[in-house]
Amino acid sequence: MLGLMQDQPLLISSLIEFAERHHGDAEIVSRRVEGDIHRTTWRQVAARSRQVANALEDEQLLFSDRVATLAWNGYRHLELYYGVSGSGRVLHTINPRLHPDQIAWIANHAEDQILCFDLSFLPLVQAVHAKCTTIRKWIALCDADKLPADTGVPNLVSYEAWMGQRSDVYPWPSFDENSASSMCYTSGTTGNPKAALYSHRSTLLHAYAAALPDVMCISARDSVLPVVPMFHVNAWGIPYSAALVGAKVVFPGPALDGKSVYDLIEAEKVTFAAGVPTVWQMLLGHLQANGLKFSSLKRTVIGGSACPPAMIHAFQELYGVDVLHAWGMTEMSPLGTLCTLKNKHLAQSPEQQTAIRMKQGRAIFGVDMKIVDGNGEELPWDGKAYGDLLVKGPWVVKEYFKGEGGNPLDTDAEGRGWFPTGDVATIDADGFLQITDRSKDVIKSGGEWISSIDIENIAVAHPAIAMAACIGVFHPKWDERPIVAVVKKPGGEVSRDELLAFYQGKTAKWQIPDDVVFVEAIPIGATGKILKTKLRELLRDYKLPGV
Ligand code: ADP
């Protein structure tokens, strides 16, 4: 017997309809590439996303055709999120920090038809357009009178001229909720880019989940700042969850330096912000250097790579901001776990609570996870056994776009498909996940594993160190030994031996790195993560002392 409830597909258009009807006057504030601050509302975003949809109809774009963006976080990008997906096309957000050849490769692989870009990316578009064989129209996200002449880019129009004259009357179509809505290529810290192809259903379920109190806890009372880019796994779903709850949204545009982000937080009374550790490093640096405090910020989600305990401590203790450590990946839309305490933890000491907050957290309802040994046998949840982390759930990929790389799932005895994350982790008895490392970054020393994350966390806890990256280097006896590359803070003084002494008592003796390499900068990838592959290349001539 079937239930007798209404059968309504979960569609992205329903989010913008809801935001318009119930939270029409909630503000959307954007710092534009031009540098000025632009203000609009959910009501206007809804109307303009319908204009976008009408413009796409006029382009004769078919259902599931791809529309790409090369854009920072801003209201026009948000209109495309809803206009493109809501009308049944697929939004392909491209990371502009990728190499131009990689961008052309991705655009061709996705068979993008139209590409919308911020004017600051015009030089990039000029460099790649001839190689992008499927794109038939280029749209600059600007007013008609801002479009430069003689760009050399064919079929180039301004966004406002393209959509501005269209009707804002557009009945959002209804279709199968499993239809594709958006796509994102993995940032490529490993192998070739592969695309996760999200559906309306996966996006809506993720949007509900992300807003939950034990997840990002966002509501109509929040002013939300996604510093995480809209080209980085849909800004962790915030553009959807913010519509679902009717939050005010503040977009930082291209200005991600500490001062710009701080000024925006203060001016727009931001209560909740989300970003990767490298961006927060710049923000904390600005606060410390200028003796500043936050007046409105209450919570921040930090994820994308391991958040050093020193950063959690600084936000929490010095600035009174709750840090929600999160783990996820492109293939997971991206949220997997988030760290919030349970009721029973409230009676614990601040030290015990801090130890929990350092972990990546508990699975969100909808995400199932397990750790397995080398034979695929499930390992206990005791906080000690570590193994390969596998996940499954309705917002986890089952295949990559165009079947790239074959079947990505491992099938268990019950025939269920699990996605191997490539991460190594422990899970404790309360279900708190702790990422030990990425499987290829783990240092294998004499048959034992050393977590590069642990080594880095200790280094950045030293007051003179701004950033650290640990890699394994060849050792004739132990196979591999860890070394740590560090960047000193401006004015920070520490010697190799002093830093090595700093490890004493903080980790097992055999896990202490064999050497410290002082560097000017550590290579950072397109989504703000440390590029260990590049670092290994840079240090390829390095030899361990005495070996
Ligand atoms: P890519 O896999 O191409 O780097 P993603 O943005 O999907 O791109 O990165 C996902 C990976 O980032 C995870 O598999 C994990 O290794 C790492 N990661 C994400 N969040 C955290 C975190 N809080 N702690 C440690 N590692 C993290």
Side-chain angles (χ1 to χ4, degrees), residues 26-27 29 73 206-229 232-252 256 258 261-284 286-287 292-328 334-343 345-346 350 353-364 432:
E27 274 192 302
V29 181
N73 293 6
H206 184 272
Y208 273 115
L212 284 170
D214 267 359
V215 188
M216 296 208 265
C217 188
I218 50 177
S219 77
R221 293 168 297 289
D222 277 311
S223 171
V224 175
L225 174 77
V227 180
V228 52
H232 190 191
V233 213
N234 301 323
W236 300 348
I238 289 173
Y240 305 116
S241 294
L244 182 141
V245 300
K248 170 178 173 177
V249 185
V250 182
F251 288 122
L256 305 182
V261 171
Y262 176 77
D263 291 350
L264 207 54
I265 288 174
E266 288 303 301
E268 300 303 328
K269 307 248 172 299
V270 168
T271 53
F272 169 83
V276 296
T278 39
V279 168
W280 294 145
Q281 197 75 53
M282 294 192 280
L283 179 64
L284 288 177
H286 176 70
L287 272 110
L292 301 167
K293 295 269 178 208
F294 294 115
S295 64
S296 57
L297 191 65
K298 294 196 190 84
R299 300 182 312 288
T300 172
V301 167
I302 305 184
S305 38
C307 179
M311 181 174 286
I312 298 183
H313 180 265
F315 268 113
Q316 208 89 40
E317 308 303 324
L318 305 180
Y319 301 108
V321 175
D322 257 344
V323 170
L324 306 169
H325 194 189
W327 167 84
L335 294 177
T337 65
L338 219 115
C339 197
T340 53
L341 302 180
K342 291 182 172 180
N343 181 291
H345 297 134
L346 298 178
Q353 293 185 355
T354 304
I356 297 171
R357 285 182 198 282
M358 304 301 173
K359 301 192 174 192
Q360 278 77 2
R362 293 179 276 129
I364 301 164
F432 285 76

Minimum heavy-atom distance [X]-[Y], with the two atoms named:
{"X": "V245", "Y": "A211", "answer": "CG1-CB, 3.9 Å"}
{"X": "P308", "Y": "P277", "answer": "CD-CB, 4.3 Å"}
{"X": "W236", "Y": "G304", "answer": "CZ2-N, 4.3 Å"}
{"X": "A274", "Y": "W280", "answer": "C-CZ2, 3.5 Å"}
{"X": "I218", "Y": "R299", "answer": "CG2-NH2, 4.0 Å"}
{"X": "P252", "Y": "L264", "answer": "CA-CD2, 3.6 Å"}

I want to check something: taking the side chain as every heavy atom from C-beta on, are [X] and [Y] in contact at a cut-off of under 4.5 Å?
{"X": "D214", "Y": "R362", "value": "yes"}
{"X": "K269", "Y": "K248", "value": "no"}
{"X": "E27", "Y": "S223", "value": "no"}
{"X": "I312", "Y": "M358", "value": "yes"}
{"X": "M216", "Y": "F272", "value": "yes"}
{"X": "P239", "Y": "V249", "value": "no"}
{"X": "Y319", "Y": "L297", "value": "no"}
{"X": "L341", "Y": "Q353", "value": "yes"}

Check your understanding: How about H313: does its NE2 atom have over 12 heavy atoms from other parts shown lying under 6.0 Å from it?
Key -> no
Using 0.5 Å steps for rounding, measure from the [atom1] atom of [X] to the [atom2] atom of [Y].
{"X": "L287", "Y": "K293", "atom1": "CG", "atom2": "NZ", "answer": "8.5 Å"}
{"X": "Q316", "Y": "T354", "atom1": "CD", "atom2": "OG1", "answer": "7.0 Å"}
{"X": "L256", "Y": "L283", "atom1": "CG", "atom2": "CG", "answer": "11.0 Å"}
{"X": "L244", "Y": "Y208", "atom1": "CG", "atom2": "OH", "answer": "6.0 Å"}
{"X": "C339", "Y": "K359", "atom1": "SG", "atom2": "NZ", "answer": "8.5 Å"}
{"X": "L212", "Y": "S241", "atom1": "CG", "atom2": "OG", "answer": "9.0 Å"}

Point to revise | H206 vs I364, side-chain contact (heavy atoms from CB on, under 4.5 Å): CA-CA, chis, key distance, verdict | key: CA-CA 10 Å; H206 184 272; I364 301 164; over 6 Å; no
**Study point:** M311 and I302: CA distance, side-chain angles, deciding distance, side-chain contact (heavy atoms from CB on, under 4.5 Å) verdict
**Key:** CA-CA 10 Å; M311 181 174 286; I302 305 184; 4.0 Å; yes
Review point. Do the side chain of H286 and the main chain of Y262 share a donor and acceptor less than 3.5 angstrom apart?
Key: no
Point to revise | Residue that, paired with V270, satisfies side-chain contact (heavy atoms from CB on, under 4.5 Å) out of T300, D222, V261, I265 | key: I265
Practice item. Indicate the ring-plane relationship of F432 and H345, choosing parallel, tilted or perpendicular according to the 30° and 60° boundaries. Key: perpendicular
Check your understanding: Parallel, tilted or perpendicular for F315 and F294, by the 30°/60° rule?
Key -> parallel
